Amino acid sequence: MRSYRELFRTPEFTPFFLAASAQTVAQTMGGLALGTLVYRATGSPLQSAVSMFGSSLVQVLGATLLLSAADRLPPRAALTVLPLLFAAATAALALPGLPVGWLFAIVLAKGLVESVGGGVRWGLLNEILSKDGYLLGRSVFNMMSGVMQIAGYAAGGALVTLLSPRLSLLAAAGLYGTAAVVVRLGLTRRPPRTTGRPSVAATWRANALLWSSRPRRQIYLALWIPNGLVVGCESLFVSYAPDSAGTLFACAALGMLAGDVLVGRVLPPGPRSRLGFPLLLLLAVPYVVFPLQPALPLAAAAVTLASVGFGAGLVQQERLVASVPDGLTGHALGLHSAGMLTMQGVAAALAGSVAQLTSPAAAMAAMAVASAGVTLLLTVAAKREEPRAVSR
């Protein structure tokens, strides 16, 4: 599969894509509204960051206990019920007078459910498309995510400024409901990819198998840690520039879109496979300018340039899909998604803690330096692994 036209001619791809688009807008609108709501109530960079990305913190719990469900649930039914649950949770966050503790409880419960959704979604994408079409399809989803995040942050920023964060949360809940309807009407019924009942034991067995391979471990670490630390930088946009956070988030989404076009459509396989680690470095380095308190145009340019580096994820995902058996594709991709989101939540909490002690700008630079350091260590480990692979 070589072109976007072929993708959208594939049966079921278009409704699947539209439903995911609606969910992405809902997630970005809801996250910005909730982060703003909590920051206005508490004045705390830490609590604002955790409210936006805290649902990611429990993804590791879902990956440990629930992920076997990703290949054992009927995909259409699962992808219909999940956004309905998200709609109910988002609407609950908009209730006036809801204590901050209850807000966090809802956010964490939502994250636990989301840990299964990633595996179901990306496993189904691998079914809808042929195996050689997964990278192009995933790049289109990432590009969509960039565009929809721009739209979501722009719309969410306008609703928060002109109306209120609570109305923005209600609009996000409506979009989740729309996504559920599109899935139900647009996708066909499919059986689960794997037989048997979901269980903690099945989840542990599959995780152990996936983690037993050293090359796969390195792929997972490259997918999880460097970009998670940079998301920690992004979690401080609200406290760094309260009146311009929507602009910075939109610029990050624009850069991610450019990176996905570059990796998914422009670069041929040879050069693409060699750019995984250089793109991870690009993801971190531009954030070191923030302690200089750059003007908004320069800060926006730095964020846009850095986010091109998110294209590294496509390179690593291509390697991951090629390394796992078909019956574990959903589980493997769900483990990637859950681990990545967990690291993002941990990094958001860490960045918020550092910002409490120093400043948002200093914390952003610290997270960027840590991300670059991890990338360099992973690069060295991958270089050491190459001679072993050749010798085998």
Side-chain angles (χ1 to χ4, degrees), residues 1-28 70-71 73-84 86 114 116-152 175-194 253 256-267 269 272 310-311 313-322 324 326-334 336-337:
M1 189 170 291
R2 297 177 178 272
S3 70
Y4 297 138
R5 183 176 298 177
E6 289 181 70
L7 275 180
F8 285 96
R9 286 178 176 172
T10 302
E12 298 184 86
F13 181 82
T14 297
F16 186 55
F17 177 84
L18 292 175
S21 300
Q23 283 195 237
T24 301
V25 176
Q27 187 174 14
T28 51
D71 290 307
L73 293 174
R76 185 180 69 174
L79 293 177
T80 300
V81 171
L82 289 175
L84 291 176
F86 299 157
E114 285 174 337
V116 177
V120 176
R121 182 179 302 111
W122 304 127
L124 179 58
L125 178 65
N126 201 51
E127 286 188 55
I128 290 174
L129 302 177
S130 58
K131 194 119 184 176
D132 66 340
Y134 178 82
L135 178 69
L136 185 62
R138 188 62 190 262
S139 75
V140 168
F141 268 82
N142 287 2
M143 289 158 54
M144 170 275 292
S145 180
V147 172
M148 293 299 108
Q149 284 182 36
I150 293 171
L175 284 170
Y176 278 125
T178 301
V181 172
V182 172
V183 167
R184 182 62 182 81
L185 297 179
L187 299 185
T188 58
R189 185 177 179 181
R190 278 183 170 83
R193 284 179 290 276
T194 300
M256 186 174 68
L257 170 63
D260 289 328
V261 172
L262 176 67
V263 173
R265 188 71 178 91
V266 176
L267 293 175
R272 181 174 67 223
F310 280 115
L314 288 174
V315 180
Q316 308 296 348
Q317 286 175 57
E318 184 177 34
R319 293 174 59 204
L320 178 63
V321 169
V324 298
D326 290 340
L328 279 178
T329 300
H331 192 117
L333 293 170
H336 146 56
S337 179

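What you see is a predicted model, and the numbers here were worked out from it, not measured in a lab.
Across every non-hydrogen atom of T80 and A180, the tightest pair is O-CB, 3.5 Å. Taking both residues in full, the closest heavy atoms of P15 and L187 are given as CG-CD2, 4.4 Å, listed atom of the first, atom of the second, then distance. Across P83 and A78, no two heavy atoms sit closer than the pair CD-O, 4.5 Å. Closest of all the heavy-atom pairs between V183 and A19 is CG2-CB, 3.5 Å.
With sequence neighbours left out, the side chain to side chain donor-acceptor pair (under 3.5 Å) criterion links E12 to T188, R190. Scanning for ring-ring contact (aromatic ring centres under 6.0 Å, His included) contacts around F310 gives an empty result, with sequence neighbours left out.
Considering CZ of F16 and CD1 of I128, their distance stands at 5.0 Å, rounded to 0.5 Å. Atoms CD and OG1, on Q23 and T28 in that order, are 11.5 Å from each other to the nearest 0.5 Å.
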Discussion item. Set out, in order, the CA-CA distance, both residues' side-chain angles and the distance that settles side chain to side chain contact (heavy atoms under 4.5 Å, CB included) for F86 and Q27, then state yes or no.
Written reply: CA-CA 9 Å; F86 299 157; Q27 187 174 14; over 6 Å; no
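Side-chain contact between F13 and L125: present, with at least one pair of heavy atoms (C-beta onward) separated by less than 4.5 Å.
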